[in-house]
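This report concerns only the one structure given below.
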Amino acid sequence: MIVPTLNVFRMSFYTWSGFSPDMRFVGLDNFRALLDDRQFVRAFQNTVALLVVVTVVTTVMGLFLAALMTRQRLRGRNLYRFVLYVPNVLSVVVIAAIFSAVYDQENGLLNGALRLLSLDGLQQVWLGNQKIVLYSVAVAMVWQSLGYYMVLYMSSMASVPEELYEASALDGASPTRQFFALTLPLIWENLRTTLTFFIMSAVNLSFVLVRAMTGGGPDGSSEVLLSYMYKQAYTNSSYGYGMAIGVVIFAFSFLVSLLVSRATRREPLRY
């Protein structure tokens, strides 16, 4: 694992097609070129936007659904758990195919439902409109990830002693108050861990979905860092340049994870 990782850093200092035996050392030229590469900057912005939107939505919805499944006695909740978890079992490529069909302009489920509701004015070319294509990909990412993180949060919430909830209820605490004052602090360490894990996995997930659903289009509006790296290294035969993008992705993921870890640090509560 160490040798291939170090090789990424080494190759970022060379210009190489990936196939030719000719390799030329260029130092930091690949990284300087990134600063003037508008497509790279756009891919970076798209990656950050997806991480923020998908992380916030998935975490909030996962916590809400986990609390609902754990604290409320819903009829058929085991079925709900199963249905919500199924997308995580499916291949990401299968999910991309499902949402490509849902978003289809002519025969897609989404536009078909809008026509049925006489909301024709809201119909869109969901994967062909530069203004909304990134959000369309974000919905697929949330749908794929939500069930997995809901189950993780449920396992943490289920370990909180019932006596604490009973005592707080006797003191007049509402379910909402119990969640913010009791549940959330007691599962905080689990939440921190899943946030870090999710950020790193979302970078990879965005690549697969973008590659399968949009190919980075239209006109690069859904390009993310990994898809742009793939194009440079394996399509444009700019292997060294692609590895420079890989180094940026590594540094970015590490930095974001570190910032999230520092920002969410607090004294753990015990029960």
Side-chain angles (χ1 to χ4, degrees), residues 1-14 26-63 92 134-135 137-138 140-142 144-146 148-149 152-153 184 187-211 216 220-234 238-268:
M1 293 177 66
I2 294 173
V3 173
T5 302
L6 293 178
N7 200 41
V8 171
F9 287 85
R10 183 180 70 87
M11 290 306 305
S12 66
F13 297 114
Y14 288 84
V26 294
L28 297 175
D29 286 356
N30 286 329
F31 295 96
R32 295 190 187 98
L34 288 176
L35 298 177
D36 298 323
D37 189 341
R38 292 186 177 181
Q39 288 183 295
F40 167 77
V41 173
R42 191 175 191 181
F44 185 85
Q45 293 172 337
N46 289 342
T47 301
V48 173
L50 277 177
L51 282 180
V52 172
V53 171
V54 175
T55 301
V56 171
V57 173
T58 302
T59 303
V60 172
M61 291 185 64
L63 286 170
V92 180
L134 204 62
Y135 298 104
V137 174
M141 291 179 65
V142 171
Q144 192 275 341
S145 306
L146 182 59
Y148 177 75
Y149 289 93
L152 289 181
Y153 297 144
L184 200 57
I187 68 166
W188 191 256
E189 287 303 307
N190 176 272
L191 181 59
R192 288 184 67 208
T193 303
T194 55
L195 275 176
T196 303
F197 177 73
F198 182 77
I199 288 170
M200 299 182 71
S201 62
V203 174
N204 295 318
L205 177 61
S206 64
F207 162 65
V208 181
L209 285 175
V210 165
R211 182 75 181 169
S221 55
S222 63
E223 198 81 81
V224 291
L225 283 176
L226 273 176
S227 64
Y228 189 58
M229 170 190 165
Y230 181 89
K231 286 182 178 179
Q232 293 299 319
Y234 301 106
S238 301
Y239 195 82
Y241 191 64
M243 293 305 101
I245 299 173
V247 171
V248 172
I249 295 171
F250 177 87
F252 171 73
S253 301
F254 180 81
L255 181 60
V256 171
S257 299
L258 180 62
L259 289 174
V260 169
S261 179
R262 291 289 180 87
T264 57
R265 180 182 297 173
R266 59 180 294 176
E267 190 70 25

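Nothing fancy with the numbering, it's 1 onward along the sequence.
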Exercise. Which residues pass the ring pair (Phe, Tyr, Trp, His ring centres under 6.0 Å) test with F44, sequence neighbours left out?
Worked result: F252
Problem set entry | Pairing residues for T193 by the side-chain hydrogen bond (donor to acceptor under 3.5 Å, both in side chains) criterion, not counting sequence neighbours | none
Seminar exercise, completed: In short, A43 meets Y228 closest at the heavy-atom pair CB-CB, 4.1 Å
Exercise. Got a sec, which pairs hit side-chain hydrogen bond (donor to acceptor under 3.5 Å, both in side chains) with one end in residues 46-63, sequence neighbours left out?
Worked result: none
Problem set entry | For I245 against L225, the heavy-atom pair lying closest together | CG2-O, 3.9 Å
For this session: Please collect all salt bridge (Lys or Arg N to Asp or Glu O under 4.0 Å) contacts where either partner lies in residues 190-201, sequence neighbours excluded, each pair once.
Result: E189-R192
Exercise. What residues, two or more places apart in sequence or in another chain, satisfy side-chain hydrogen bond (donor to acceptor under 3.5 Å, both in side chains) together with Q144?
Worked result: none
Problem set entry | Residues which pass side-chain hydrogen bond (donor to acceptor under 3.5 Å, both in side chains) with S222, listed by chain and number, not counting sequence neighbours | T214
Exercise. Which heavy atom of N30 sits nearest a heavy atom of A244, and at what distance?
Worked result: CB-CB, 3.7 Å
For this session: Considering non-hydrogen atoms only, spot the tightest contact between L134 and A49 and give its length.
Result: CD2-CB, 4.0 Å
Exercise. Yes or no on side chain to side chain contact (heavy atoms under 4.5 Å, CB included) for K231 and S238, after CA distance, side-chain angles and deciding distance?
Worked result: CA-CA 9 Å; K231 286 182 178 179; S238 301; over 6 Å; no
Exercise. By side-chain contact (heavy atoms from CB on, under 4.5 Å), which residues pair with V41, not counting sequence neighbours?
Worked result: Q45
Problem set entry | Within residues 240-253 or reaching into it, pairs that qualify as side-chain hydrogen bond (donor to acceptor under 3.5 Å, both in side chains) - sequence neighbours excluded | D37-Y241
Problem set entry | Residues in ring pair (Phe, Tyr, Trp, His ring centres under 6.0 Å) contact with F9, at least two apart in sequence or another chain | F250
Exercise. Are V260 and S257 close enough, and set up right, to give a side chain to side chain contact (heavy atoms under 4.5 Å, CB included), and what steps lead you there?
Worked result: CA-CA 5 Å; V260 169; S257 299; 5.8 Å; no
Which atom pairs, one a donor and one an acceptor, fall under 3.5 Å between side chains of residues 198-208 and the rest of the protein, sequence neighbours left out?
{"from": "S201", "atom 1": "OG", "to": "F197", "atom 2": "O", "distance (Å)": "3.1"}
{"from": "S201", "atom 1": "OG", "to": "F198", "atom 2": "O", "distance (Å)": "3.1"}
{"from": "S206", "atom 1": "OG", "to": "A202", "atom 2": "O", "distance (Å)": "3.2"}
{"from": "S206", "atom 1": "OG", "to": "V203", "atom 2": "O", "distance (Å)": "2.8"}

Exercise. Got a sec: does the CZ of F40 have more than 12 other heavy atoms crowding it under 6.0 Å?
Worked result: yes
For this session: Kindly write out the residues that satisfy side-chain contact (heavy atoms from CB on, under 4.5 Å) with T194, not counting sequence neighbours, or none if the list is empty.
Result: Y149, L152, Y153, N190, L191
Exercise. What residues, two or more places apart in sequence or in another chain, satisfy side-chain contact (heavy atoms from CB on, under 4.5 Å) together with R262?
Worked result: L258, R265
Exercise. To the nearest 0.5 Å, what is the distance between CE (M11) and OH (Y239)?
Worked result: 6.5 Å
Problem set entry | Separation between CD of Q39 and CD of E223, rounded to the nearest 0.5 Å | 7.0 Å
Exercise. Taking all atoms of both residues into account, what is the closest heavy-atom pair of S12 and F31, and its distance?
Worked result: OG-CZ, 3.5 Å
Exercise. Are any of the side-chain heavy atoms of F13 and L28 separated by less than 4.5 Å?
Worked result: yes
For this session: Evaluate the criterion side chain to side chain contact (heavy atoms under 4.5 Å, CB included) for residue pair M229 and M243; output intermediate values, then yes/no.
Result: CA-CA 7 Å; M229 170 190 165; M243 293 305 101; 3.5 Å; yes
